[in-house]
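Notes follow the structure.
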Amino acid sequence: MAKLTILVLNGPNLGHLGERQPEIYGSQGMNCVPDQVNALLGEDAKDVELVFDQKNGEGELIDRLEQAREEGVDGVVFNAGAYTHTSLALGDCLAWVKIPYVEIHISNVWARPEKIRHTSFIAQHAEGVIAGFGIESYALGVAALVRKLMAGA
């Protein structure tokens, strides 16, 4: 089987995970994700290449998703941050680039007090949504997406 390339993409204010508001986002950073993915996927982890990126701007995220399409990325695990709840443009981009993706959130957005966080403009075309498991949400998203992609291969 050919190696699957998974883009793990973070949106605004997510460049300092492990430091930023640990009471909400925990004290672990993105550097923990590869080991968590390996633990979840076991032997299949050798067939997965993870590419990490983070952009603060909405347009930069759209540019990165379009670049991922051009690169032939197999899937995206995407935490769009606050843009999840406000960006029709990101939703439109995800609809047309047609890369399988999982929307993820570190916190349980539906348990957060701000009602706007209970809406997602990017979930409509997602393979699934994972929220509330801290930094492990990324690894869970990667594992779920990889298993789905391998099943369809």
Side-chain angles (χ1 to χ4, degrees), residues 2-21 24-41 44-45 47-110 112 116-117 119-150 152:
K3 201 166 225 183
L4 293 173
T5 301
I6 305 297
L7 172 63
V8 180
L9 183 59
N10 274 323
N13 300 309
L14 295 170
H16 296 281
L17 291 174
E19 303 170 47
R20 175 190 173 215
Q21 295 173 283
I24 297 173
Y25 301 107
S27 58
Q28 292 183 309
M30 293 300 292
N31 60 325
C32 297
V33 174
D35 286 342
Q36 292 173 346
V37 168
N38 289 340
L40 288 169
L41 288 178
D44 287 337
D47 296 322
V48 178
E49 176 187 3
L50 298 176
V51 176
F52 293 88
D53 206 347
Q54 188 271 330
K55 306 289 185 195
N56 285 317
E58 183 179 31
E60 293 174 301
L61 289 166
I62 291 168
D63 290 343
R64 185 61 183 100
L65 289 165
E66 290 175 348
Q67 178 186 343
R69 178 181 177 270
E70 292 168 12
E71 293 169 346
V73 165
D74 297 293
V76 178
V77 171
F78 191 22
N79 183 347
Y83 288 136
T84 301
H85 321 293
T86 62
S87 180
L88 289 171
L90 276 174
D92 289 349
C93 179
L94 288 161
W96 88 263
V97 296
K98 301 231 184 284
I99 302 171
Y101 68 97
V102 174
E103 174 185 332
I104 74 101
H105 302 282
I106 297 166
S107 66
N108 179 350
V109 291
W110 296 279
R112 305 266 306 258
I116 194 170
R117 293 190 191 272
T119 299
S120 172
F121 285 105
I122 68 168
Q124 181 179 4
H125 301 285
E127 300 295 324
V129 178
I130 296 173
F133 293 97
I135 206 77
E136 192 175 7
S137 292
Y138 292 93
L140 292 166
V142 169
L145 186 56
V146 165
R147 287 180 179 135
K148 184 162 184 112
L149 291 170
M150 286 181 169

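The shortest distance between side-chain heavy atoms of Val77 and Leu145 falls below 4.5 Å. Between Trp96 and Glu66, the closest side-chain pair of non-hydrogen atoms falls below 4.5 Å. The closest side-chain heavy-atom distance from Met150 to Asp44 is below 4.5 Å. When side chains are defined from C-beta on, Glu136 does not count as touching Ile106, because their heavy atoms never get closer than 4.5 Å. Contact annotation: the side chain of Val129 never approaches that of Val102 to less than 4.5 Å [non-hydrogen atoms, C-beta and beyond].
The NE2 atom of His125 sits 8.5 Å away from the CG atom of Leu94 when rounded to the nearest 0.5 Å. Atom CD1 of Ile99 is separated from atom CZ of Phe78 by 11.0 Å, given to the nearest 0.5 angstrom.
Counting non-hydrogen atoms of other residues, nucleotides and ligands closer than 6.0 Å to CZ of Phe133 gives a total of 12 or fewer.
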Derivation of the side-chain contact (heavy atoms from CB on, under 4.5 Å) call for Val48 and Ile6:
CA-CA 7 Å; Val48 178; Ile6 305 297; 4.0 Å; yes
Please assess Tyr138 against Ile130 for the test side-chain contact (heavy atoms from CB on, under 4.5 Å), listing each intermediate value before the final yes or no.
CA-CA 8 Å; Tyr138 292 93; Ile130 296 173; over 6 Å; no
Pair Asp74, Lys3 - check side-chain contact (heavy atoms from CB on, under 4.5 Å), show working.
CA-CA 9 Å; Asp74 297 293; Lys3 201 166 225 183; over 6 Å; no
Take Leu41 and Val146 through the test side-chain contact (heavy atoms from CB on, under 4.5 Å) and record every step on the way to the result.
CA-CA 9 Å; Leu41 288 178; Val146 165; 4.0 Å; yes
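Glu70 places no side-chain N or O within donor-acceptor distance of the main-chain N or O of Gln67, the cut-off being under 3.5 Å. Side-chain N or O atoms of Ser137 include one that pairs as donor or acceptor with a backbone N or O of His105 at under 3.5 Å. With Tyr101 contributing its side chain and Leu7 its backbone, the two residues share no donor-acceptor pair below 3.5 Å. With Ser87 contributing its side chain and Thr84 its backbone, the two residues share no donor-acceptor pair below 3.5 Å.
Minimum interatomic distance between Leu61 and Pro12 (heavy atoms only, all atoms of both residues): CD1-CD, 4.1 Å. The minimum heavy-atom distance linking Leu90 with Ala80 is given by the pair CD1-CB, 4.1 Å. Nearest heavy-atom pair across Cys93 and Leu65 is SG-CB, 3.8 Å. Ile104 and Gly141 make their closest contact through CG2-CA, 4.3 Å (heavy atoms, listed as atom of the first residue, atom of the second, distance). For the pair Pro100 and Leu149, the tightest heavy-atom approach, listed with the atom from each and the gap, is CG-CD2, 3.9 Å. Pairing each heavy atom of Phe121 with each of His85, the nearest pair is CE1-O, 3.2 Å.
Using a 4.0 Å cut-off between a side-chain N of Lys or Arg and a carboxylate O of Asp or Glu, Asp53 and Arg64 qualify as a salt bridge. Between Lys148 and Glu127, at least one side-chain nitrogen of the basic residue sits less than 4.0 Å from a carboxylate oxygen of the acidic one, meeting the salt-bridge criterion.
A donor and an acceptor atom, one from each side chain of Asn56 and Glu58, are nowhere located under 3.5 Å apart. Side-chain contact of Ser120 with Glu103: a donor-acceptor pair under 3.5 Å is present, judged by distance alone.
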